[in-house]
**Q** 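Input: one structure, supplied below.
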Amino acid sequence: MSNGNGGAPLVKVTINGREVETQKGRLLIDIAEEIGVFVPRFCYHPGMKSVAVCRMCFVKAEGQPKLLPACATPVDDGMVFDTVDDNAVDAQKSMLEFLLINHPLDCPICDRAGECPLQDQTFKHGPGSSRYIEPKRTYEKALEISDLVVLDRERCVLCWRCVRFSDEIAGDRFIQLVDRGAGTQILTFTDEPFDSYFSGNTIQICPVGALTSKPYRFVARPWDLETAPSVCTYCSVGCPITNEARAGKMVRCQALPNEAVNDFWICDKGRYGYHHVSSDERLESPLARDESDQFASVTWGEALRRAAEGLKDKKVGVLAGGHLTTEDAFAISRFARKVLKTSDIDSRIQDAGAPYEAAMALAGVAGSTTKIDDLDDADDIVWVGPDPKEVLPVLYLRLRKAAIDGGARLTVISPRMISLDSIANRVIRTDDPAAAIAGLKLEGAAVVCWGPSAPGRDETPTVDALVGLASSTGGKLLVCPPHAGSQGLIDMGVHPALEPGYKPVKERGKDTRAILEAAANDELDALLIVGADPIADFPDADLARQAMKSKAFKVVIELFPTETVSHADVVFPSAAYAEREGTFTNLERRLQKLEELLPPPGTALEPWRIVARLANSLGDEWKWSNFSDVWKAIKSEVPTHKDVDEVALAQDMPAGTLHYESGFESEAADTSLTAIAGPGAQYPKGFRSGAPFQTGQNWPLSWELRAFEAEQRPGFIPAVTGDGDEDSAGRLAEESDTPFVSDPEASTEGTSATGAGSGRPLALYAGRQIYDEGTMVSKSVALRNLQKKPFVELNDEDAKELGVADGDEVVLVSGESEARAKVVIADITRGCAFVPYDQIDFRANELIKGIDPTVEVRPA
Amino acid sequence: MAAEALVVMKRLRENPKDAWTLDRYSDTGGYEAIKSVLKDVSADDLIELVKNSGLRGRGGAGFPTGMKWSFVPKDVFPKYVVINHDEGEPGTFKDRELAELDPHQVLEGIMIAAWANQANKAFIYCRGEFALGSRRLDSAIAECYEKGYLGRGIFGSKFDLDIILHRGAGAYICGEESALLDSLEGFRGQPRLRPPFPAVKGLYGQPTVINNTETVSTLPHIVTNGVDWFKQWGTEKSPGTKMLSVSGHVNKPGNYEVALGTKLSDVLELAGGMLNGNAFKAVIPGGASAPLLTATDVAMDFEALKEAGSMLGSGAVVFMDETTCMVRNALVTTEFFEHESCGKCTPCREGTWWAVKVLERVEHGEGRQEDMDLLLDICDGIDGRSFCPLGDAASWALRSNVKLFREEFERHVVDGACPYDDEHGAHKVLVGRRE
Amino acid sequence: MTVKIHKGDSNGAPEPVLAGETREVAEAIAAKYPNSRSAVLPLLFLVQSVEGYVTEQGMREVAELLDLTPAQILASGSFYTMLKKKPQGEYLVSVCRNISCTHNGARKVIAALEERLGIEAGGTTADGKFSLEAAECLATCDGAPSMQINYEDFYKVAPDKAVELVDALAKGTQVRSTRDEVVKTSKEISREVACAGLRWAEAGVEDARTIGGESPMPDTKPGFRPKVPGKEGD
Ligand SMILES: Cc1cc2nc3c(=O)[nH]c(=O)nc-3n(C[C@H](O)[C@H](O)[C@H](O)COP(=O)(O)O)c2cc1C
Ligand code: SF4
Ligand code: FES
């Protein structure tokens, strides 16, 4: 877990004759691994508390009669260990034999075969033949415990990793240990599926093939896989991942650990959202209109000529979508300013108008002034933004960890109940966040988090208030733009008010809304749209549609034939994230590198190449032929980036798929550089994991007890206590002025007076759900099935006045647009209605007209 | 001639009919100890007193009670006292008798422990199968609340104490103190990783003292009569008296309270000797977890039994005569551990399961020559490597059966059948069938 | 939800299990502990006292009552042998199968009962009247061979004695244990287990007093005692 005892004193311990210096209280199993001594293990995982149940990691400690489990042995000065002691090795052999007596030998049809610690261990020091001649324990095979996860209890070695992950890390307690003794098994409740946004992690950390991925089942053998490290292309957390392909088709995506970003985890959207890459709907060649105004594929030369014609010396508006890399962003920004000579450029589509630049008041950057892992040490955290579990899933895990393990005091300000409420110390339910923020006082190290949460609503007052709060209390700011590329686009000046490096432009250009309006009113001659689908994403579908239908000449760079593409004049096919070298800048403004796994389909190219070619054909010679050429330019032209060493960003391939925590290959691998973390994954070495839950004493606390304590937030944790981990609870118990209460009534502050009864329509709040109709994610059938049916959240009093009840179908009316949805009575501020943003048969942006939209709710 | 030394059993022996009523308890000196303590013994002095008495836990581990109390941090509140009344160790039936026949003695002991540890809440984890014992404790607690012996300001002092009765649900492992806590918190009863020890982080993550029923029942007597009186019995390291639950092939099975250090042969004599004069074959001196002994000339105290290669454990003494099939005995014992293994750790879960399979074969005459060594290997695989002592215990018991009676095991293999004429019908029911 | 992911251990009635008076008792049990999480086992006994065993519906309701997931309830409930996974007889006959009893003829008793009831240990008679189990040590070794009927103790039971007891119960005659306790039905005894210690539970959670903490009286510290021995201090 997070290095809870970074401050602990240094001690010297000896492992197999080698003396190491390390922090007191860290776990032997980690320290050994860091010096290349691998202690076999099944239950231990550096991302979770030790339970020491598999008994595989025994080592000999000098002066100790009994063997010690390395995973539960915090080191102290002068300790001497022998991991290859005869008795220890004998113990490992025994455990293997014990585990194998009931393990089916169906390796030939097991997805895990070839990357299976149990298999590797057995190969290494398992018994040649079994002394167990009785029949094995059997269970009903392959249970589909969710739409994504399949469970085979016969293969399970009961390491508890999946259960611990769900209890401890995700808090989704759907998969549990059931029955007792030899009959103990992992199971879900009979009719309650393992519906967790993070379920895929349990598959990756399962040391055998007990949990397997439905989409990946029987798809490939690990040794056939090609692997490339990359960065998840979905949200702005930017989880490092490995992309894996078989026979030129992308078939798997797994988490790469980085404790500064994602610990060891990714969400299921990141894990299962890769199908778009190898989708056969991809655009493969440039398209242009023929005489009958139909699209026809044309040569690059032809397409570029037509595009250049349409853009040359014209009034052009430029729109870029959130999934572009830093390089693309730089190219687009440079092209707009240098070639098209315009500041009418913006990348905020769904988050149109989000005032990121307001953050500059704090430290001169239009973004975060703190890092994700600063959350772990924060005393006070304020969250004003979307539901992170839906929009920034792994950030939700980090916030949860900060609140539960780190004991940070979490304040959540939101018009509706969100996932964080259950672990918050203080919940402020209001539709006037600015006012609520004004009333806050922060203690100690504070991190103030904000992300655009309601498309179409003006959040400037909120952000100003937050920036004010941060600067007045010396707090730090964590700005959370929505997409993987969002921050890079701002940094590179794809922004009407900021040039690359946050240089304010002399004269503000048009933002997304203004550009669309101008186009709609024929005040623009042309539009350049890169990786964006305004009709689907912009919070005013009508406006976007008018703009797209306008006379303006449209050049579009895209992966797929989107609705926006259908209105284009010239279309260029773009390479996808797994098909290219590049960098994403995540929400903490960390540059991370994507490596190429597959060639792009047809003649598709990276957007920056396409833009460079456009520039060339418009007579501006950009001599860019590869990634580092772009970076040469970036470093010379973008002050904030001049010192970046893009070469150092390169991620080497993990040593192929044949490299697991089994340690079987660990001699072969250069363990001095990397540590092993789960099948198919390695990560940079350094201080990490295993550091104890801070009990005031440096020991790992059993996760049962920990989960128990976690469950008690914000419920009963005794106020009077000497223990560090309960301090925060102690503080909040003393809190009298601030309403920390779990029951919504009391926690509701500054509720607006407007109610449906007053005849007035309701304020319309829309928010993204984790699985939506986004261009990329919707290509994953598995995830598309998980989308929610259209719903609208209403306050129960508003519902009463409207004469509708929970589960009723209602019609939402706004201007000409109508939509049907089921009512969900929710903990939401009076006078507000919440709908999902972009779901099958339900496009909230069709209902959104203008800024601060409203909606009428009528019984169907 | 062997004699008993009655302390905790005194009242129930003298008043078998009504020792459990409050009236009888009061007019035999009941609740005087706690009253005097509340009046003029500070918590710290009380801990000192118990330390000096040398009282050791009667639940099985034999850990010095006073020392255990002294580990509890002084400044952390709330604290809890939990009474381990889960008595599941095969052969043990002492706690049951104390609760059924002298429940108020248990409660007074709890009050003293609670005061010493400044805990305002105590829990009794009562074995689920104990219907009568639970009833008696329940009504005794009720009487105490009515009389103001429990609740706010007990006995007119300003010390609050609540006692919460909690029933187990059928799991031997819940007798293990940390598993007991998880069970009491509503989880699966599985042992916790230690440290932190319960004294520091126990029930609900708070400092918690866990004591056995017999242990706390002893407290009022130590408080009333003092350390020297208590030390008149027993050895230097194991002072005082101990209830021994004697059963098996003896004429007068039952609980006998004797001075620690009493010879096992004397205990056998107290229990009326071997059943219908049969020859003595083997004895389990401290519950199913304890390795077998084949002689009775050993002193019944923690040290001497350790010397002899076994242990006092819970003080359950099971005698077996010449008619006993030791393969069957090993099977019955190992089956028990296999059934009660919590399943948390690999060696206990898989090892006991495997051992049972092998023992079944041997007992039914399908054994192989190599099975005896295999059984010993399985024991080695578990011993010292399981998460909690249950696994170790399983291996100790099994190993001692195989080691001490190997030729008997081998005869099963050679004869291809159990050599014993089944006078106890031990073979009637096939193994494995349970609830 | 109706979708079955996999076959459960038990199937429960769809209608609420903890309803009316039972629901009130359930809430009282949940309130008995400093943390309601501790009420999982008693509440499952309460479910058993209504349904005869621990049903899925029951587990769902306990989960809802304690704000846990049904899976968590299943995890805890399935661990314990007294919480039954399948329908049980009105009378549960448990014969000890452990050392002392086995060595003193317990298995003859089991055999006799198996014959009388026409079931194997572990089974339940077709008429749902009796369940028979070979139990682990019942801590009545001094009465070996010993057995329990719905957890009331019977010492030194010869096979024919055991059969007599069953016959009596079959006839509907009241039966008393060796300790002279009346044998209850399995639902009644489950209810008793669920409610153990409930009588004074309110006292335990009276909010005037902080959990396990100090007396509400302003002049007292946790576990207050007079400073001057003998005299009530403040
Ligand atoms: C597997 C196992 C079962 C145990 N069962 C019991 C029991 O039934 N009753 C008991 O008092 N102690 C039992 N113990 C011992 C307890 O863990 C603990 O040491 C004891 O309750 C502490 O109380 P004491 O110090 O007063 O003996 C058991 C220990 C183990 C490892
Ligand atoms: S030894 Fe292991 S499996 Fe056995 S009871 Fe203890 S923890 Fe459970
Ligand atoms: S016991 Fe240490 S890794 Fe499992």
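Here the structure is a predicted model, which is why all the values come from computation and not from measurement. First the proteins, then the strands, lettered A, B, ... as listed; each starts at 1.
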**Q** Let me know if B:L275 has heavy atoms under 4.5 Å from chain C in its side chain, its backbone, both or neither.
**A**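 Only the side chain of B:L275 comes within 4.5 Å of chain C.
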**Q** So what's closer than 4.5 Å to chain C heavy atoms on B:F130: side chain, backbone, both or neither?
**A**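 For B:F130, side-chain heavy atoms alone lie under 4.5 Å from chain C.
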**Q** Does any heavy atom of chain C fall under 4.5 Å from the side chain of B:F319, the backbone, both, or neither of them?
**A**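 The answer is neither part of B:F319.
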**Q** I need the minimum non-hydrogen distance between B:A131 and C:E192, along with the two atoms involved.
**A**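 Result for this residue pair: O-OE2, 4.2 Å.
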**Q** Return yes when atom CD of C:E115 has more than 12 non-hydrogen atoms of other residues, nucleotides or ligands closer than 6.0 Å, and no otherwise.
**A**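 Not more than 12 within 6.0 Å, no.
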**Q** Could you check which of B:A171, B:P253, B:A114 has the highest count of heavy-atom pairs closer than 4.5 Å to chain C?
**A**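 When all of B:A171, B:P253, B:A114 are compared, B:P253 has the most.
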**Q** Does any non-hydrogen side-chain atom of C:T140 lie less than 4.5 Å from one of B:F93?
**A**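 No, side chains not in contact.
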**Q** Check this for me: C:D67, atom CG, are more than 12 non-hydrogen atoms of other residues, nucleotides or ligands nearer than 6.0 Å?
**A**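 No, not enclosed.
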**Q** Under 4.5 Å heavy-atom distance to chain C, tell me which part of B:I284 shows up: side chain, backbone, both or neither.
**A**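 Looking at B:I284, just its side chain touches chain C.
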**Q** Is any residue of residues 136-144 of chain B within less than 4.5 Å of chain C by heavy atoms, and which ones?
**A**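 Interface residues of residues 136-144 of chain B: B:D138, B:S139, B:A142.
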**Q** With the side chain counted from C-beta on, respond yes when C:T81 and B:Y172 share a heavy-atom pair under 4.5 Å apart, and no when they do not.
**A**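 When only atoms from C-beta onward are counted, B:Y172 and C:T81 do not touch, as no gap falls below 4.5 Å.
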**Q** Tell me whether the guanidinium CZ or amine NZ of C:R37 lies under 6.0 angstrom from the six-membered ring centre of B:F187 and within 45° of its axis.
**A**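 Yes, a cation-pi geometry holds between C:R37 and B:F187.
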**Q** Output yes when a side-chain donor or acceptor of C:Y80 lies under 3.5 Å from a complementary backbone atom of B:S183, and no otherwise.
**A**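 Absent.
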**Q** Specify which of C:D153, C:I189, C:L41 makes the most heavy-atom pairs with chain B at under 4.5 Å.
**A**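 Between C:D153, C:I189, C:L41, the count favours C:D153.
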**Q** Once you round to the nearest 0.5 Å, how far does CD1 of B:I173 lie from CZ of C:F79?
**A**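 Here the interatomic distance stands at 7.0 Å.
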**Q** Under the 3.5 angstrom rule, does the side chain of B:R96 hit a backbone N or O of C:A139 as a donor-acceptor pair?
**A**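 A pair under 3.5 Å: yes.
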**Q** Look at the side chain of B:S247 and the backbone N and O of C:S100, then say whether any donor-acceptor pair between them is shorter than 3.5 Å.
**A**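 Checked: no pair found.
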**Q** Would you indicate whether the side-chain heavy atoms of B:N329 and C:H103 approach each other to under 4.5 Å?
**A**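 Yes, side chains in contact.
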**Q** Please examine the side chains of C:E136 and B:E129, heavy atoms only from C-beta on, and report whether any two atoms are closer than 4.5 Å.
**A**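 Counting from C-beta outward, B:E129 and C:E136 never come under 4.5 Å.
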**Q** Do you know the tightest heavy-atom contact between C:R107 and B:V332?
**A**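 What the structure gives for the nearest pair is NH2-CG2, 3.9 Å.
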**Q** Is the NZ atom of B:K74 crowded by more than 12 outside heavy atoms at less than 6.0 Å?
**A**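 Above 12, so yes.
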**Q** Testing the basics here: between C:A196 and B:R167, what is the closest heavy-atom pair and its distance to 0.1 Å?
**A**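 Between these two residues, the closest heavy atoms are CB-CG, 3.5 Å.
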**Q** Pick whichever of B:L184, B:T333, B:V318, B:V250 has the most heavy-atom pairs under 4.5 Å with chain C.
**A**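 Option with the top pair count is B:L184.
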**Q** Taking non-hydrogen atoms and a cut-off under 4.5 angstrom, which of residues 143-151 of chain C neighbour chain B?
**A**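 If one takes a 4.5 Å heavy-atom cut-off, the residues of residues 143-151 of chain C near chain B are C:Q148, C:Y151.
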**Q** Need one label for B:C126: side chain, backbone, both or neither, based on atoms under 4.5 Å from any heavy atom in chain C.
**A**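 For B:C126, neither part sits under 4.5 Å from chain C.
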**Q** Would you mind reporting whether B:Y204 and C:S38 have side-chain heavy atoms less than 4.5 Å apart?
**A**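 Result yes, sub-4.5 Å side-chain heavy-atom pair found.
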**Q** Below 4.5 Å from any heavy atom of chain C, which atoms of B:S134 appear? Answer side chain, backbone, both or neither.
**A**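 B:S134 touches chain C through side-chain heavy atoms alone.
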**Q** Counting C-beta onward and ignoring hydrogens, is there a side-chain heavy-atom pair between C:C137 and B:E87 closer than 4.5 Å?
**A**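 With C-beta onward as the side chain, the pair stays apart.
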**Q** Heavy-atom pairs under 4.5 Å with chain C are the metric here; pick the option from B:E89, B:E100, B:R127, B:E97 that has the most.
**A**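 Of the candidates given, the most pairs with chain C belong to B:R127.
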**Q** Answer whether the closest heavy-atom distance between the side chains of C:N104 and B:H249 falls below 4.5 Å.
**A**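 Counting from C-beta outward, C:N104 and B:H249 do come under 4.5 Å.
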**Q** Check whether C:S76 reaches the backbone of B:G186 with its side chain - one donor and one acceptor, N or O, closer than 3.5 Å.
**A**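 Judged by distance alone, yes, a pair lies under 3.5 Å.
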**Q** Tell me whether B:R188 contacts the main-chain N or O of C:A75 through its side chain, where contact means a donor paired with an acceptor under 3.5 Å.
**A**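 Here the side-chain-to-backbone pair exists.
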**Q** C:K32 side chain to B:L165 main-chain N or O, any donor-acceptor pair under 3.5 Å?
**A**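 Checked: pair present.
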